[in-house]
Amino acid sequence: MTTSAPIRLRVFSLNCWGIRYLSKNCRERFVLIGDLLNQEQLDLALLQEVWCEKDFLFLKKKLGSVYPFSHYFKSGFIGSGLAVFSRHRIHDAFLYRYSLNGYPYMAQHGDWFGGKAVGKVLLNISGLNVHVFVTHLHAEYCREKDSYLPHRVVQAWELHQFIRHTSAGADVVILGGDLNMHPDDLGTRLLRNYTGLLDSFSEAANFEGCEEGFTHISENPFTHSDGLVPFGGGVRIDYILFKGSGEVDVSCESLCTTKGPVPGLPFPYSDHEALTAEFLFTPTKKGNGCKEREFGCIPDKLPELVNTVNEARTEVKVGLHCSERMRHTAARTGIMGLVLLVLELAIAAVPLFALGAEQPFPKASFYLLGALCFAVLLSTLMLYVFYSMEVKALQGTEDQMRLALSSLQERIKEYPKALSSDHLRNSLDSKDSVHLKQDS
């Protein structure tokens, strides 16, 4: 760290809903998003759902004079949809793809084809090492029967692990993106409690925008308003989270969101509202970040963190049980298809061993049944492989959570000892000071 003066940084985050030929007014909206970013003169723009690379290249050309540095994260069949535009030089970039991300046969949802991931870029702003993360987690399609909840919990776990293990030397950490989780949801609590990241909405000195900071509102013409009625007409699922370090204090001076349609037009920038946060970086010896907010240094937070990890582990176990059951179903169906295929081959071999005998079934029906048996066998084999991979990913996450719980519980046991030793040390210091005063 070489700077001593406070630094201001303005960060923008938006889920662009950029599915070409499917999203409404897609091309027009990307033009408007580019105009907005150029007008606002921000420092950093974190975009999600820029699914088509042509749209990224269009924005790169349009924003080049204001944001000379950019990066597009490629992942999965149609990409990760993640893009970063910056006024500051991007020194490095890395992508981590989540191990679980929906099901390939749920094509109407499309998450599996998107290759959901977390992208990271490294910036150096006036001598400060700023680690910036952008992500997009699996969507929640039905809150009452959320079959994707275990996947989203695993993604939140992998996200917090990735942030913790790659930002040890950071002066500032910033995470922006569409988490598809409410502020009090399990995955959000797990991410914030474990990493110590702060929510810009809760920490902002000034806020302007949608009520309660909602980023998915019923007034948006691109959203299904019926699903938002139980939540008061909106939900907050997009975030800009931040954390300083022992040498840099980070405060959120302001946060604002867009409010529905673009001025003068009948449609908004996206089906989500955009977030813009303004941060103030103040060099100090006692910041609000890594050294003070890591939970190894804040034992008071350990019980809450243990409860959160226990809850997450339970949800992962539920998902594991369902995956194992589906894998067994696929195996049984595959065996049935194999038996039928072998039986049909045996029937087909009858004329070879009985000279002059005719085929007992019509050829067209025989071939059709054979193709059906082969299709069943192939599809169940693919499903068995997929569910086996899902089971292993869930088992791996559950094992990691078990180790983390063991470590956290050990810290809780050590905390009273450390507290008593600190109390004894403080009492001895006070006695020594009293004796010195008396001697003087």
Side-chain angles (χ1 to χ4, degrees), residues 11-23 26-27 29-31 33-34 37 44-64 67-104 106-107 109-123 130-139 148 151-152 154-156 158-163 165-167 173-180 238 240 270-272 274 386 389-390 393:
V11 181
F12 176 93
S13 178
L14 174 64
N15 180 323
C16 298
W17 192 45
I19 310 174
R20 274 206 172 191
Y21 313 115
L22 293 178
S23 299
C26 187
R27 292 186 179 180
R29 289 189 294 103
F30 272 113
V31 173
I33 291 170
L37 292 176
L44 196 61
L46 310 176
L47 305 182
Q48 308 94 54
E49 288 206 23
V50 185
W51 295 118
C52 182
E53 190 170 0
K54 290 182 180 179
D55 292 325
F56 166 75
L57 295 176
F58 165 78
L59 288 175
K60 182 178 181 179
K61 182 178 180 180
K62 186 178 182 67
L63 303 174
Y67 307 89
F69 307 102
S70 61
H71 187 77
Y72 185 64
F73 295 96
K74 301 176 183 179
S75 173
F77 178 68
I78 60 174
S80 69
L82 304 176
V84 176
F85 293 90
S86 173
R87 295 179 65 183
H88 306 275
R89 178 175 295 278
I90 297 175
H91 293 277
D92 202 356
F94 185 75
L95 177 81
Y96 174 79
R97 184 176 175 180
Y98 298 123
S99 60
L100 293 179
N101 185 41
Y103 304 100
M106 300 294 284
H109 292 160
D111 290 75
W112 185 83
F113 300 95
K116 297 289 181 68
V118 51
K120 176 181 181 179
V121 296
L122 299 181
L123 309 178
V130 181
H131 293 213
V132 180
F133 300 85
V134 57
T135 191
H136 184 196
L137 303 191
H138 198 292
Y148 298 113
H151 284 210
R152 207 157 47 251
V154 170
Q155 289 179 348
E158 293 178 348
L159 175 59
H160 107 261
Q161 292 274 53
F162 182 74
I163 292 174
H165 293 301
T166 62
S167 59
V173 176
I174 295 174
L175 167 65
D178 177 8
L179 300 185
N180 275 311
D238 301 86
I240 297 179
S270 173
D271 61 341
H272 289 236
F386 173 80
M389 295 170 62
E390 183 183 26

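For this chain, numbers begin at 1 and follow the sequence in order.
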Test item: D238 side-chain N/O and L14 main-chain N/O as donor-acceptor pair under 3.5 Å: no

Nearest atoms (heavy-atom pairs only) where V154 meets S99: CG1-OG, 4.0 Å

Any donor-acceptor pair under 3.5 Å from R29 side chain to C16 backbone: yes

Shortest non-hydrogen contact between F30 and G18, atoms and distance: CE1-CA, 3.8 Å

Whether W51 and H136 hold their rings parallel, tilted or perpendicular, with breakpoints at 30° and 60°: tilted

Shortest non-hydrogen contact between S75 and G115, atoms and distance: OG-O, 3.2 Å

Criterion side chain to side chain contact (heavy atoms under 4.5 Å, CB included) on L175 and I240, from CA distance to verdict: CA-CA 6 Å; L175 167 65; I240 297 179; over 6 Å; no

Inter-residue atom distance L95.CG - H71.NE2, 0.5 Å rounding: 7.5 Å

Side chains of F73 and V84 in contact at under 4.5 Å (non-hydrogen atoms): yes

M389 atom CE, over 12 foreign heavy atoms within 6.0 Å: no

Close aromatic pair by centroid cut-off 6.0 Å: F85 and F56: yes

Other residues, nucleotides, ligands: >12 heavy atoms within 6.0 Å of R89 CZ: no

Check: K120 side chain, F133 main-chain N or O, donor-acceptor pair, under 3.5 Å: no

Over all atoms of both residues, closest heavy-atom pair of R97 and K116: CG-O, 3.7 Å

Least distance between heavy atoms, Q155 atom then L100 atom: NE2-O, 2.8 Å

Distance in Å, T135 OG1 paired with E158 CD, rounded so as to fall on 0.5 Å steps: 10.5 Å

Full working for side-chain hydrogen bond (donor to acceptor under 3.5 Å, both in side chains) between Y98 and H138: CA-CA 10 Å; Y98 298 123; H138 198 292; over 6 Å; no

Side chain to side chain contact (heavy atoms under 4.5 Å, CB included) between D111 and Y148, worked out: CA-CA 10 Å; D111 290 75; Y148 298 113; 5.9 Å; no

Spatial distance of atom CG (L179) from atom CZ (R152) [nearest 0.5 Å]: 10.5 Å

Beyond-backbone contact of L44 with L123, side-chain heavy atoms, under 4.5 angstrom: yes

Nearest-0.5 Å distance that lies between atom CG in D178 and atom CH2 in W17: 13.5 Å

Student check: side-chain heavy atoms of H131 and I174 closer than 4.5 Å: no

Nearest heavy atoms of L37 and A45, plus distance in Å: CD2-CB, 4.0 Å

Criterion side chain to side chain contact (heavy atoms under 4.5 Å, CB included) on Y103 and H151, from CA distance to verdict: CA-CA 10 Å; Y103 304 100; H151 284 210; 3.5 Å; yes

Derivation of the side chain to side chain contact (heavy atoms under 4.5 Å, CB included) call for V132 and L46: CA-CA 9 Å; V132 180; L46 310 176; 3.7 Å; yes

Interatomic distance, N180 atom CG to H272 atom NE2 [nearest 0.5 angstrom]: 6.5 Å

Distance (rounded to the nearest 0.5 Å) between Y72 OH and K60 NZ: 12.5 Å

